[in-house]
There are 2 protein chains.
Amino acid sequence: MPKSALRQQLNLSEAVEDYLKAIYQLHEAAQRAGETSARVTTTALAGALGVAPGSVTGMIKKLADDGLVNHRPYYGVDLTATGERLALEIVRHHRLLELYLTLVVGFGWDEVHEQADALEHAISEEFEDRIDSILGGPTVDPHGDPIPSKEGLLPEMVALPLSQCAPDAARALVIARVLTQATDLLRYLAGLGLVPGARIVLLGREPFDGPLHVRVVGDDDTPHAISFQVASLLSIAAPDPDTPH
Amino acid sequence: MPKSALRQQLNLSEAVEDYLKAIYQLHEAAQRAGETSARVTTTALAGALGVAPGSVTGMIKKLADDGLVNHRPYYGVDLTATGERLALEIVRHHRLLELYLTLVVGFGWDEVHEQADALEHAISEEFEDRIDSILGGPTVDPHGDPIPSKEGLLPEMVALPLSQCAPDAARALVIARVLTQATDLLRYLAGLGLVPGARIVLLGREPFDGPLHVRVVGDDDTPHAISFQVASLLSIAAPDPDTPH
DNA sequence: AAGCAGATTTTGGCATACCTCAATAGTAAC
DNA sequence: GTTACTATTGAGGTATGCCAAAATCTGCTT
């Protein structure tokens, strides 16, 4: 029995898949934010899913009965090993679809999130395998988010928010990942050339979490000022010592 | 307001979309079979959808309330103009997807039906438009079934079941359409070369609705015997007087 | 250190969309 | 007109959602 067919064996409802994915992603975001106990709260889930908190409690109880989450009442939830496997299968679908929709079907990176949300529940394992091979076994989606492998392993990414980088006019930084799915923001960033893979120089920054001055290498070289909040959504892959400027 | 956005405006449930499509297709099949009053019965719908007859009655009442079908109790249903428009949008999704999955994603014609059933509810109008243009505005799917236009018009097909054709060893017939979605049967037919576009010669036929003897032009020229039932699923486009043999 | 206020979570009652099954109602053909 | 089929009704089930009341937690204030 192939390990990765779990999702189709269990025949989860769309609602269940959405909950698992949301729990996974909130957990991940909390870890990224450096929180010690990466617990996921009822309210956070309700907000992410657009449902009332009461509905979340009900569903969580069901998921706990089914062994997909651990629930500590009045505290939070947590995926079990099985739950995480399933969540990763869904995230894999989502990210493969986002990449497929941009590279093959021709959508912009600001258009694919909603469509992938709808399609991720509908595609077969065979379709997943086909687009994976059409895309050449990709490891990141158009936003730089890592694509879990069929076995449920995430490519490890060491990344630091641009907002925490020190200015260094002599060093190019590579954007690894853009941590938003907001259409408007994605369009704004694409307009500035701030996309995964872009090389930028952090020229300077204003104090008190003020704007950062950046230049996109290979662009028209105009410096741009971006807010601290936006900078905190840009993950920097690693300093690139070979190519100063 | 673009006419064809009806489906997304109304935000139909998957169940409703399935009912509308099934009613449309049963109606179409009845017409093809030459039935005078192309009524669709509760049992036929229940069979097509895999639900109990009682469930069908309930849903039909809802659809009638919503103005999508006309219901004459104890007799049958019938799509209204709106219902038919919606059904055609769904059929368009389905058939475009079947073609896309075969031509672009690389699935066999026997594999695409179930997948298209799942995806047809999930794709956006934009995705529909993209694959339509990637495929060059196709008019038939891999089985030869006509693809409704964006405006809800069906390409007219004049076609006769092979089972009603007279043998004529000097005339090639073109298969226009294969009226089944059964995986096994599709594989059997593909094995014999009996696919849309194939040119065949009807060499003879046994009496009392017995097997038909056919030869596929351009094949290894071996004659094959196919059952009357199978022959009735093959639609012949038109005699082709230019290419005897 | 205790208690209280405010926020969060759970509970319980109810709604909707589907579905099933079994009983009843209608139709149609001999 | 009785029989055999088909359709509808009604009671009841599951999955999911909402709201408002009750329970619990947390952190501030003294």
Side-chain angles (χ1 to χ4, degrees), chain A residues 7 10-23 26-27 30 35-78 83 86 90 117-118 120-122, chain B residues 7 10-23 26-27 30 35-79 83 86 90 117-118 121-122:
Chain A
R7 173 179 160 273
L10 265 49
N11 204 234
L12 310 168
S13 71
E14 286 194 20
V16 168
E17 292 190 354
D18 284 338
Y19 274 89
L20 292 175
K21 186 178 69 158
I23 294 169
L26 288 171
H27 190 84
E35 260 135 63
T36 45
S37 65
R39 75 199 180 108
V40 174
T41 66
T42 301
T43 331
L45 261 178
L49 293 164
V51 301
S55 310
V56 172
T57 305
M59 178 60 98
I60 279 175
K61 239 184 298 189
K62 204 190 80 140
L63 295 177
D65 284 350
D66 294 352
L68 303 178
V69 302
N70 298 124
H71 184 210
R72 206 176 114 196
Y74 291 102
Y75 180 76
V77 267
D78 199 342
L86 289 166
I90 298 153
D117 268 349
E120 67 192 10
H121 308 296
Chain B
R7 173 180 160 275
L10 265 48
N11 205 233
L12 310 169
S13 70
E14 286 195 18
V16 168
E17 292 190 354
D18 284 339
Y19 274 87
L20 291 176
K21 188 177 67 156
I23 294 169
L26 288 171
H27 191 84
E35 259 134 66
T36 46
S37 65
R39 74 198 180 111
V40 174
T41 67
T42 299
T43 330
L45 261 177
L49 293 163
V51 300
S55 312
V56 172
T57 304
M59 178 60 97
I60 278 175
K61 239 185 296 188
K62 204 189 82 141
L63 295 177
D65 284 350
D66 295 351
L68 303 178
V69 303
N70 299 122
H71 184 209
R72 206 177 115 197
Y74 291 102
Y75 180 77
V77 267
D78 198 341
L79 292 172
L86 289 166
I90 299 153
D117 268 348
H121 308 294

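In what follows, chains are A, B, ... by sequence order, proteins preceding strands, each numbered from 1. Worth knowing before you read on, the calculation uses all heavy atoms, side chains too, and leaves out hydrogens, waters and symmetry mates.
Dashed line: the shortest gap from a side-chain N or O of B:S13 to OP1 or OP2 of C:dC18 is under 4.0 Å. Contact annotation: B:K62 does not reach the phosphate of C:dT16 (side-chain N/O to OP1 or OP2, under 4.0 Å). Remark: B:T42 is in phosphate contact with D:dT8, judged by side-chain N or O atoms under 4.0 Å from OP1 or OP2.
Among the heavy atoms of the strands lying under 4.0 Å from A:T57 is at least one base atom, whether or not backbone atoms are also near. Here A:S55 lies in heavy-atom contact (under 4.0 Å) with a base.
Of all heavy-atom pairs between B:R39 and B:Y75, the closest is NH1-O, 2.6 Å. Here the closest heavy-atom approach between residue B:A122 and residue A:A122 is recorded as CB-CB, 4.0 Å.
Protein atom CG of A:L63 is 12 Å distant from nucleotide atom P of D:dA15, rounded to whole Å. Protein atom CD of A:E17 is 15 Å distant from nucleotide atom P of D:dA15, rounded to whole Å. Rounding to whole angstrom units, CG of residue B:D18 and C1' of C:dA17 are separated by 14 Å. The distance from atom CG of B:L12 to atom C1' of C:dA17 is 14 Å, rounded to the nearest whole Å. Counting to the nearest Å, the C1' atom of C:dC18 and the NE2 atom of B:H121 are 14 Å from each other. As a whole-Å value, the separation of A:E14 CD from C:dC18 P is 13 Å. What separates NZ of B:K61 from C1' of C:dC18 is a distance of 14 Å, to the nearest Å.
The shortest side-chain heavy-atom distance between A:D18 and A:E120 falls under the 4.5 Å cut-off. Under the 4.5 Å side-chain criterion, counting only non-hydrogen atoms from C-beta, B:K21 is not in contact with B:L86. Using a 4.5 Å heavy-atom cutoff, the side chains of B:V69 and B:V40 are not in contact. By the 4.5 Å heavy-atom criterion applied to side chains, A:L12 and A:L20 are counted as neighbours.
Closest-nucleotide positions on DNA chain D for B:R39 and A:M59 were compared, and the one nearer the 5' end corresponds to B:R39.
Checking C:dC19, C:dT10, C:dT11 against every side-chain atom of B:V51, the shortest atom distance belongs to C:dC19. Of all nucleotides listed (C:dC18, D:dT16, D:dT8), C:dC18 comes nearest to the side chain of B:A15.
Interface residues of residues 66-75 of chain B facing DNA chain C, ordered by number: B:Y74; criterion, heavy-atom separation under 4.0 Å.
Side chain of B:R7 to backbone of B:I90: no donor-acceptor contact under 3.5 angstrom is found.
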